[in-house]
Chemist: 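Starting off with a structure, shown below.
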Amino acid sequence: MSLPLPAGVERVLFTEEQIHERVRKVAAEISERYRGRELKLVGVLKGSVFFLTQLARAIEIPVKIDFLSISSFSSKSGSAGVVRIAKDLDDSIEGEDVLLVEDIIDTGFTIRYLLQTLAGRGPNSMGLCTLLDRTSRRIVQVPVDFRCFEIGDHFVIGCGLDYKQLYRNLDYIAVMNPEILKKSV
Ligand code: IMP
Ligand code: MG
C-alpha cells in the first residue's frame, strides 16, 4: 500500500528501509570507533533531529545528546556564507568525545564554523557524522568521519530536510520537484 507522493516530491531517492539499513550500519561503525567510551551526539536543529534520534537508538555504547541551532545569512543561491549560533548547547563539552550530527553537508560553511567553534571548547575529540553529503558543491573542506549517503546536485527533502520548513516528516528522502522550486524564486 503506498500513499500518493506530495506535490513537492519529484522522485524518491532513498526509501525508509534503505535509510534504516544504512543508519544501522553507520551506528555500528560509530559504536566500534568509540567502544569503551561515552559519546555526546550534538545535533544541529532542526534538520538533524530525525536522523539523530534514529542513529542514537542504533548506537550500542552510552550516548548523551545536546542540540544547537544556527542562523546563516545566505546569498541568493542558497546556503553559504556567514553563520552564527542562535541557540547554544545546554551543557559544556569539555573533555567529552563529541560527534557533530548534520542532515546534509553542502558548501561546508556551516560545519566548518561549528567544528571550529566547538573544538575551541576543549572536547576530548571532535567528530562529524552526516546523513547526506553533496561533495560536488563543497567550497570549504571539512573532515567527514561518518556519512550515510553521497548525493548529486539536486535539492532534497524528507527525513528532517525541509523546503520552507515543510516536508521534514517524510519517511523517505526525495528530490524536490524543480517546478515548485522555480515558482518560489
Ligand atoms: P552548507 O553550509 O552549505 O554546508 O549548508 C548546509 C545546510 O544547508 C544544511 O544543514 C541544510 O540546512 C541546508 N541545505 C543544503 N542543501 C539542502 C537540501 O538539498 N535540502 C534541504 N536543506 C539543505
Ligand atoms: Mg541544516
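As the structure lists them, so they are numbered: ligands from 1, and atoms in each ligand from 1. This one's a predicted model, so the numbers in the text were calculated from it and none came from an experiment.
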Chemist: Report the distance from atom CZ of Arg168 to atom CG of Leu166, rounding to the nearest 0.5 Å.
Modeler: 9.0 Å
Chemist: Considering distance alone, does some N or O of Ile157 sit under 3.5 Å from an N or O of ligand 1?
Modeler: no
Chemist: Going by the atom numbers of ligand 1, which of them fall below 4.0 Å from some non-hydrogen atom of Thr110?
Modeler: 1 (P), 2 (O), 5 (O), 6 (C)
Chemist: Is the closest heavy-atom distance from Asp162 to ligand 1 below 4.0 Å?
Modeler: yes
Chemist: Does at least one non-hydrogen atom of Arg137 fall below 4.0 angstrom from an atom of ligand 1?
Modeler: no
Chemist: CD1/Ile59 to SG/Cys129 distance, rounded to the nearest 0.5 angstrom?
Modeler: 7.5 Å
Chemist: If the cut-off is 4.0 Å to any non-hydrogen atom of Arg134, which atoms of ligand 1 fall inside it?
Modeler: 16 (N), 17 (C), 18 (C), 19 (O)
Chemist: At under 4.0 Å between heavy atoms, is it the side chain or the backbone of Met176 that contacts ligand 1, or both, or neither?
Modeler: neither
Chemist: Under 4.0 Å from any heavy atom of Glu102, which atoms of ligand 1 are there?
Modeler: 10 (O)
Chemist: One thing to verify: whether Asp133 and Arg138 come together as a salt bridge, which I'm taking to mean a side-chain N less than 4.0 angstrom from a carboxylate O.
Modeler: yes
Chemist: A side-chain contact here means heavy atoms from C-beta on lying under 4.5 Å apart; do Ile19 and Gln54 qualify?
Modeler: yes
Chemist: Salt bridge check, Glu21 against Arg24: does any charged N sit closer than 4.0 Å to a carboxylate O?
Modeler: no
Chemist: So, do Glu38 and Asp97 sit near enough that their side-chain heavy atoms are less than 4.5 Å apart?
Modeler: no
Chemist: Look at atom NZ of Lys87 and say whether more than 12 heavy atoms of other residues, nucleotides or ligands are closer to it than 6.0 Å.
Modeler: yes
Chemist: Heavy atoms only, cut-off 4.0 Å: how does Leu161 contact ligand 1, side chain, backbone, both, or neither?
Modeler: side chain
Chemist: Has Gly47 got any heavy atom lying under 4.0 angstrom from an atom of ligand 1?
Modeler: no
Chemist: If the cut-off is 4.0 Å to any non-hydrogen atom of Gly108, which atoms of ligand 1 fall inside it?
Modeler: 1 (P), 3 (O), 4 (O)
Chemist: Considering only heavy atoms, does Asp103 approach ligand 1 within less than 4.0 Å through its side chain, its backbone, both, or neither?
Modeler: side chain
Chemist: Report the distance from atom CZ of Phe155 to atom CD1 of Ile180, rounding to the nearest 0.5 Å.
Modeler: 12.0 Å
